[in-house]
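Here's the structure we're looking at; comments come further down.
Heavy-atom basis, side chains included; hydrogens, waters and symmetry copies ignored.
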Amino acid sequence: MEKLVDDAFQELLDSYLASNHRKKVDIITKAFNFARQAHAGVKRLSGEPYIMHPISVAMIASKEMGLGSTSICAALLHDVVEDTDYTVEDLENLFGSKIASIVDGLTKISGGIFGEKASAQAENFKKLLLTMSDDIRVILIKICDRLHNMRTLASQPANKQYKIAGETLYIYAPLANRLGLNKIKTELEDLSFKYEHPEQYDHIVNILAETQAMRQSLFAEFTAPIKATLNELGVDYEIKARIKSPYSIWHKMQTKHVSFEQIYDILAVRIIFKPKKRDQEVNECFNIYVAISKLYTSHPDRLRDWLSHPKANGYQALHVTLMSHLGQWIEVQIRSDRMDELAEQGFAAHWRYKDEDTTASEQIIDDDSDIELNKWLLTIKEILDDPQPDAMDFLDSIKLNLFASEIFVFTPKGEIKTMPANCTALDFAFSIHTFLGSHCIGAKVNHKLVPLSHKLNSGDQVEILTSNSQHVKQSWIDFVSTAKARNKIQAILRREAREQQKKGEKILSEFLRQNGMELSTIIVKVLCDIHDTDSHEQLFTDIGNGTITLDNQEIKTINAAIEGKPQGKSWKKYVPFIGKKKDKGTAPNQDYIIVDKNFNKKKPVYITDQNIQQFIFPKCCHAIPGDDALGFIDHNNHIVIHKRSCHIANKLKASYGNRILDIKWDMHQQHTFTASIVITGIDRMGMIKDIANIISDQMNINITKVLLTVNDDNIFEGTIDLRVHDLDDLKAIIKELKSIPGMQDAKQKL
């Protein structure tokens, strides 16, 4: 074991010495020896010495992110404060304030981002973002830590795998993407996919392996003329094949409702060149584009210029889609060696820290692309100023800023503004100033009057129109798409709601006083039930804005309820109100499984024909036997079953990971379940009859609902709800439906 550790550390040193960083081997060795001694005798679940984890994290920081000695030392020491008796002050005395500060930031967000309670989750995520904005190396090392945890996830029980994979896909992969860490982002996505949907992952990996020879042949034939042309031009280049990742393929299959064979961009070609003059690299990109577009026909709508206006994460390249001689569209990505390094290592490729070269000090930003990062961090800080009270809403707000393609719009004075794709005129207004957004009544886009909800396109010139009489409306939430706009709107609405609540509480207190009563939790609970409101806050708001008026009937009902003689409704018992929402999706059932303190969350929970009624199946995803599923322990300690790919489950895995359970099916076709199939095709006489014959007559399956629409081009699309025993039934039906003449596609609805 000692040799294993020594060899791993030597590999780390070799990686660092091969970099361009100033060679501070002594402090790295000192950090390693200190961490080794601090973690002595401790092992990971895999059985290897614990020190192998910090070494691996430091190796990722050095080799895969290109970070220097400060980051490597912080990575080696990142678990010392949390797992041993050493303090941040000890590290500061031994290694200096900067390393200690980064380790302190990592310690604050250790143990995964999220804890047991919603408030703790939101607070911990705030810590992550705050420390990230203080020193970006905190989040970079945290991503290194998460990547190594994902690479070694096999040693964890299944419920932990779902929690960690879900959290990774929901937060860490988007963070890596936003920071330009494309290679790491792709690996995080693929590893999450592998653990959440192992069968589908293996299926796609196998198809990629089976079709590899065909792609290699296509790549060789397609690039041969390109190589000849670039050689003639005297370009110093290399050409690589980029294969779409398994997760990206699966995600596109799910969202676009297409099969593997229908995804045309599995293969892309990457041309990476070394410019003759660094300040001419953009022109050289276009020269290469002109040269290869003479060889192949280019797609008129698929030219992507990320040269003049790089993506927000710093990515630069020119993308063009060309038609091969075999009749296939192939995307070609043209970028310089500098752009390629930036695409792989993101902003980390640009950052240089003074303390790596001279003396310890704050990080410096010496590249224009980092301006975009600062803009993003500023937006994050604005969100943190008034975060959502609910952890899942808070995460949603942050995620709006993580995954977003960019468009470029102009102000009336011609200034260019970068905005997320699908943003509206109202988003643009809030991006400029909160006052402008909150008083916006419309906009002029390219000198034409448009409503607040108008979606902007790249190149639009936008002038915001305002009125002092305009006020923020709840409906605005439904069409804004940026985190900043949504959070500002919600903050204003919450502020106004608090004012209404105070007014309503005052009105209610005065009303009760006049009738010889005092405000209490029992009375509030009675009134909530009378008026069917979900919380005391909503009750006070409704009273404050006049939606609810109070009269003698309320007094009679309150008195009757307190005396144990409820009127109108059968209240069994009034308990102090604690503000939880009613679970409207399920009826009370005394037979549900109760998860108590002795319940073993690490063991899989088996759903059988005998116990299936003891679980809750929400309507969001309709999990059926055979689906990749998980269990979630709700606030009543009941087990709710979701598909692992369900959008609600994705949030639960990220927000409430400690309540996730591994679910196994042990069903024998004694029950039927509602499932939905999405179909598309070319309409003709008798199409519905053929569909019904296969499902009802041939396969003896009961159809419960059919919804089909046909457009002007005679293309139909729709959904079929039916009752099946399990996923195998559904797959068999889908296979038969695809054989119908004119049927283009059939697949399970997500």
Backbone N or O of Ile272 within a donor-acceptor pair of the Glu238 side chain at under 3.5 Å? no
Are any non-hydrogen side-chain atoms of Lys488 and Val472 less than 4.5 angstrom apart? no
So, taking the atom named CD in Glu341 and the one named OG in Ser336, what distance separates them when rounded to the nearest 0.5 Å? 10.0 Å
Please confirm whether the backbone N or O of Ile226 pairs with a side-chain atom of Tyr296, one donor and one acceptor, at under 3.5 Å? no
Can you name the nearest heavy-atom pair linking Asn650 to Ser645, along with the distance? ND2-O, 3.8 Å
Verify, without hydrogens or angle tests, whether Asn177 (side chain) and Ala173 (backbone) share a donor-acceptor contact under 3.5 angstrom. no
Less than 4.5 Å apart, any side-chain heavy atom of Leu230 and any of Ile288? yes
Hey, could you give me the CD1/CG distance between Ile477 and Asn487, rounded to the nearest 0.5 Å? 8.5 Å
What is the distance from atom CG of Leu303 to atom OG of Ser293, rounded to the nearest 0.5 Å? 9.5 Å
Check against side-chain contact (heavy atoms from CB on, under 4.5 Å), Leu169 and Leu188: CA-CA 7 Å; Leu169 201 57; Leu188 289 174; over 6 Å; no
Over all atoms of both residues, closest heavy-atom pair of Ala241 and Leu267: CB-CD1, 3.9 Å
To the nearest 0.5 angstrom, please state how far the OG1 atom of Thr255 sits from the CH2 atom of Trp250. 9.5 Å
Could you tell me whether the side chain of Val235 reaches within less than 4.5 Å of the side chain of Ile271, counting heavy atoms only? no
Can I get a per-line list of side-chain donor-acceptor pairs under 3.5 Å for residues 317-330, giving both atom names and the distance, sequence neighbours left out?
residue : atom : partner : partner atom : Å
His319  : NE2  : Tyr315  : OH           : 2.7
Ser324  : OG   : Leu326  : N            : 3.3
Ser324  : OG   : Gln328  : N            : 3.2
Ser324  : OG   : Gln328  : O            : 3.2

Counting C-beta onward and ignoring hydrogens, is there a side-chain heavy-atom pair between Thr168 and Leu191 closer than 4.5 Å? no
Just checking Glu717: does its CD atom have more than 12 heavy atoms from other residues, nucleotides or ligands closer to it than 6.0 angstrom? no
Scan for side chain to side chain donor-acceptor pair (under 3.5 Å) pairs involving residues 440-458, sequence neighbours excluded, and state none if there are none. Asn446-Asp460
Kindly write out the residues that satisfy side-chain contact (heavy atoms from CB on, under 4.5 Å) with Ile432, not counting sequence neighbours, or none if the list is empty. Phe428, Leu436
Quick one, Arg495 and Arg498 - any side-chain contact, counting heavy atoms below 4.5 Å? yes
Could you list the residues that satisfy side-chain contact (heavy atoms from CB on, under 4.5 Å) with Ser245, not counting sequence neighbours? Thr186, Asp190, Tyr247, Ser248
Please walk me through it: do Leu449 and Leu465 pass side-chain contact (heavy atoms from CB on, under 4.5 Å)? CA-CA 9 Å; Leu449 193 62; Leu465 306 175; 3.3 Å; yes
Indicate yes or no: at least one non-hydrogen side-chain atom of Thr466 is less than 4.5 angstrom from one of Phe435. no
Backbone of Asp713 reached by a side-chain donor or acceptor of Asn711 within 3.5 Å: yes
Closest non-hydrogen atom pair between Cys440 and Leu426, with its separation: CB-CD1, 3.9 Å
Qualifying side chain to side chain donor-acceptor pair (under 3.5 Å) pairs with a residue from residues 423-438, counting only residues at least two apart or across chains: Thr424-Asp427, Asp427-Ser481, Asp427-Thr482
What residues, two or more places apart in sequence or in another chain, satisfy side-chain contact (heavy atoms from CB on, under 4.5 Å) together with Asp279? Lys277
Interatomic distance, CD1@Ile243 vs CD1@Ile266, rounded to 0.5 Å, equals 8.5 Å
Using a cut-off of 6.0 Å, state whether more than 12 heavy atoms not belonging to Lys244 lie near its atom NZ. yes
Taking all non-hydrogen atoms of both residues, which atom of Pro412 and which atom of Val462 are closest, and how far apart? CD-O, 3.1 Å
Check: Ile334 and Leu307 side chains under 4.5 Å, non-hydrogen atoms: no
Nearest non-hydrogen partners of Arg137 and Ser71, listed with the distance: CD-OG, 3.2 Å
Any side-chain heavy atom of Val332 sitting closer than 4.5 Å to one from Tyr289? no
Short N-O contact, Arg335 and Asp340, less than 4.0 angstrom: yes
Starting from the C-alpha separation in whole Å, work towards a yes-or-no answer on side-chain contact (heavy atoms from CB on, under 4.5 Å) for Glu167 and Arg146. CA-CA 10 Å; Glu167 191 177 276; Arg146 177 48 57 110; 2.7 Å; yes
Nearest heavy atoms of Gln470 and His439, plus distance in Å: O-CD2, 3.5 Å
How long is the straight-line distance from CG of Leu452 back to NZ of Lys473, given to the nearest 0.5 Å? 8.0 Å
Residue pair Lys142, Leu175: steps toward the side-chain contact (heavy atoms from CB on, under 4.5 Å) verdict: CA-CA 11 Å; Lys142 188 64 182 174; Leu175 270 174; over 6 Å; no
So if I apply the side-chain hydrogen bond (donor to acceptor under 3.5 Å, both in side chains) rule between Glu281 and each of Gln316, Lys276, Arg338, which one comes out positive? Arg338
Is there a donor-acceptor contact under 3.5 Å from the side chain of Gln501 to the main chain of Thr541? no
